[in-house]
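Values in this document were obtained by computation on a predicted structure and should not be read as measured data.
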Protein chains: 2
Amino acid sequence: MLAALEANPIRFRPVETRAEASRTAVGPLRNFSKDEEIFAEGDDTDVFYKVVSGAVRTYKLLSDGRRQIDAFHLAGEIFGAEAGAEHRFTAEAIGDVSLVCYRSRSIDTLSYDNPALARDVLGATMEALARAQEHMLLLGRKSAVEKVATFLLGLAERTTSGGAVDLPMARIDIADHLGLTIETVSRSLTQLERQGVIAVPANRRGIVLKDRAALRRLRA
Amino acid sequence: MLAALEANPIRFRPVETRAEASRTAVGPLRNFSKDEEIFAEGDDTDVFYKVVSGAVRTYKLLSDGRRQIDAFHLAGEIFGAEAGAEHRFTAEAIGDVSLVCYRSRSIDTLSYDNPALARDVLGATMEALARAQEHMLLLGRKSAVEKVATFLLGLAERTTSGGAVDLPMARIDIADHLGLTIETVSRSLTQLERQGVIAVPANRRGIVLKDRAALRRLRA
DNA sequence: CGCATGATTGATGAGGATCAAGCAGAGTGG
DNA sequence: CCACTCTGCTTGATCCTCATCAATCATGCG
């Protein structure tokens, strides 16, 4: 699906500004460290990205600081390709992250210039839209436990892991993704653990899915 | 933006089944009456649509009947163009509706076949994604009154009306779009009316925006 | 070890859901 | 033209889920 993107990363440019000093650019890769901003709402959409390793969050803010994380982007996933001239959300590294970046052309010319890339961007955009629609159902109509169960299963499917799912993001990120508070996320996890559906290791940074069938039932 | 679509409507096919008898197809147009299903979740994505007149709702259901309307589609807007082989949501006519339909090809071939159409579909998809992201912020993080204020302003902008905004959809549709109940939608409208920000005519099927600045402030 | 940070747990409260009437407009039929 | 009814909307009373406020606990780090 995304093969064409491999052929078109933008050329490496030397690091110049202080703000970029922490990024180690190797070839076309750019590295970001924990909580570093990749782009902000309002920035030019001159570049979009594919995650090589690590995880990225994209979010929007209300004026009073309320935050909605619309998606987490894991290895292999594209983000930042948008219709307008300005990004409509902010992207930050969740931990240390490596990205490939692509020069983003106007969609008016892209289709003629490079149909293979256009196809990949269209595919990625449609995939993102499908996820967004699924997530609206979650945000608008699911209970707290249903939200958390859905989130865990979705993450497990995307990382194709066995029983153990890595949680690269903090509770506050999960909360702001699911439209909850950290306390409610924590209580929901505790409840699932007490029901024997999951297990949470001591460092709290992962989840073991003990009973996927039960989780699927709880997902609604 | 959508000019290329005009060039590619699918050919008219005679109405055949009883289920389709109520539709009067004139040239490439298809007409649907109130609450009629246009396509269902799981149907083949062989055709997508543009609204000529009327309004369409697209939604998803949970197994127990909870519904989330992900979008309303008004005149001029495209819906039903998706990545997979099956529609991921259901589309219904809100009132009487006229649609143009387009044969939907695989996105793999679309980019090469017809770059202009590919560009339009990509543009429409990115636009839908941007709206979905904005809507996730609403669903996850806004209060009831903020949701209703945002909805009214958004509708007013899209229909480029003066003070009066037509509400083609019922309260239950608004509720299922905003992640609320009809009662809460009604109470929020009443509250806005008491504050002098809007007025609701006797037939309840429209809204007069009396004070847009106040609405914008309430939108958060 | 002591501190900082993030997670969990507990107590309380508020916003919105639910349950239950009541109301008004638009049709319908007499 | 006027009851009568149906449907959708509004309003009121109560309940419940989740937010908020407040400790407490655990982990990791200097």
Could you go through nucleotides 10-12 of chain C and list every protein N or O atom that sits under 3.5 Å from one of its N or O atoms, giving the distance for each pair?
{"from": "C:dG10", "atom 1": "N7", "to": "A:Arg187", "atom 2": "NH1", "distance (Å)": "2.8"}
{"from": "C:dG10", "atom 1": "O6", "to": "A:Arg187", "atom 2": "NH2", "distance (Å)": "3.2"}
{"from": "C:dA11", "atom 1": "N6", "to": "A:Arg187", "atom 2": "NH2", "distance (Å)": "3.4"}

Polar atom pairs (N or O), protein with nucleotides 24-26 of chain D, under 3.5 Å:
none

Just wondering, do [Y] and [X] contact through their side chains at under 4.5 Å, heavy atoms?
X	Y	answer
B:Leu29	B:Val52	yes
A:Leu180	A:Lys147	yes
A:Phe151	A:Ile174	yes
B:Leu178	B:Val148	yes
A:Val100	A:Val51	no
B:Val47	B:Arg103	no
B:Val145	B:Leu192	yes
B:Ile69	B:Thr58	no

Test: ring-ring contact (aromatic ring centres under 6.0 Å, His included). Region: residues 152-175 of chain B. Which pairs qualify, not counting sequence neighbours?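 Sorted pair list comes back empty.
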With sequence neighbours excluded, give me every ring-ring contact (aromatic ring centres under 6.0 Å, His included) pair touching residues 191-220 of chain B.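 Listed by first then second residue: nothing to list.
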A:Glu134: side chain to side chain contact (heavy atoms under 4.5 Å, CB included) partners, not counting sequence neighbours: A:Leu137, B:Lys60
For a quick test of reading the model: is some side-chain N or O of [X] closer than 4.0 Å to OP1 or OP2 of [N]?
X	N	answer
B:Thr184	C:dA17	yes
A:Thr181	D:dA19	yes
A:Thr190	C:dT8	no

So what does B:Leu189 hit on the nucleic acid, given a heavy-atom distance under 4.0 Å: a base, only sugar-phosphate, or nothing? nothing
Extract from the structure each pairing of a protein N or O with an N or O of nucleotides 6-9 of chain D at less than 3.5 Å, listing the distance.
{"from": "D:dC9", "atom 1": "OP1", "to": "B:Arg171", "atom 2": "N", "distance (Å)": "3.4"}
{"from": "D:dC9", "atom 1": "OP2", "to": "B:Arg171", "atom 2": "N", "distance (Å)": "3.3"}

Residue pairs passing the salt bridge (Lys or Arg N to Asp or Glu O under 4.0 Å) test with at least one member in residues 156-178 of chain A, sequence neighbours excluded, are A:Arg57-A:Asp173, A:Arg67-A:Asp173, A:Arg67-A:Asp176, A:Glu77-A:Arg158, A:Asp176-B:Arg141
Those residues at least two apart in sequence (or on a different chain) that pass ring pair (Phe, Tyr, Trp, His ring centres under 6.0 Å) with B:Tyr49 are B:Phe79
According to ring pair (Phe, Tyr, Trp, His ring centres under 6.0 Å), who are the partners of B:His135, at least two apart in sequence or on a separate chain? B:His177
Base-pair map of DNA chain C as dot-bracket, where | denotes pairing with a different strand and pairs are Watson-Crick or G-U under 3.5 Å: ||||||||||||||||||||||||||||||
Counting only non-hydrogen atoms, which of residues 133-153 of chain A are less than 4.0 Å from DNA chain D?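 Under 4.0 Å from DNA chain D: A:Ser143, A:Ala144.
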What integer distance in Å separates [X]:[atom1] from [N]:[atom2]?
X	N	atom1	atom2	result
B:Leu180	D:dT17	CG	C1'	15 Å
B:Arg66	D:dT17	CZ	P	12 Å
A:Leu178	D:dT17	CG	C1'	16 Å
B:Ile198	D:dT10	CD1	C1'	13 Å

Going by atom types alone, do A:Ser33 and A:Asp96 pair a side-chain donor with an acceptor below 3.5 Å? no
A:Tyr59 versus A:Glu41, side-chain donor and acceptor atoms under 3.5 Å: no
Taking only nitrogen or oxygen atoms into account, show me every contact under 3.5 Å that the protein makes with nucleotides 1-5 of chain C, one pair per line with its distance.
none

Between A:Glu36 and A:Arg30, does any NZ, NE, NH1 or NH2 come within less than 4.0 Å of an OD or OE carboxylate oxygen?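 Salt bridge between A:Arg30 and A:Glu36, a charged N being under 4.0 Å from a carboxylate O: no.
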How long is the gap from CG on B:Leu215 to CG on B:Leu153, to the nearest 0.5 Å? 4.5 Å
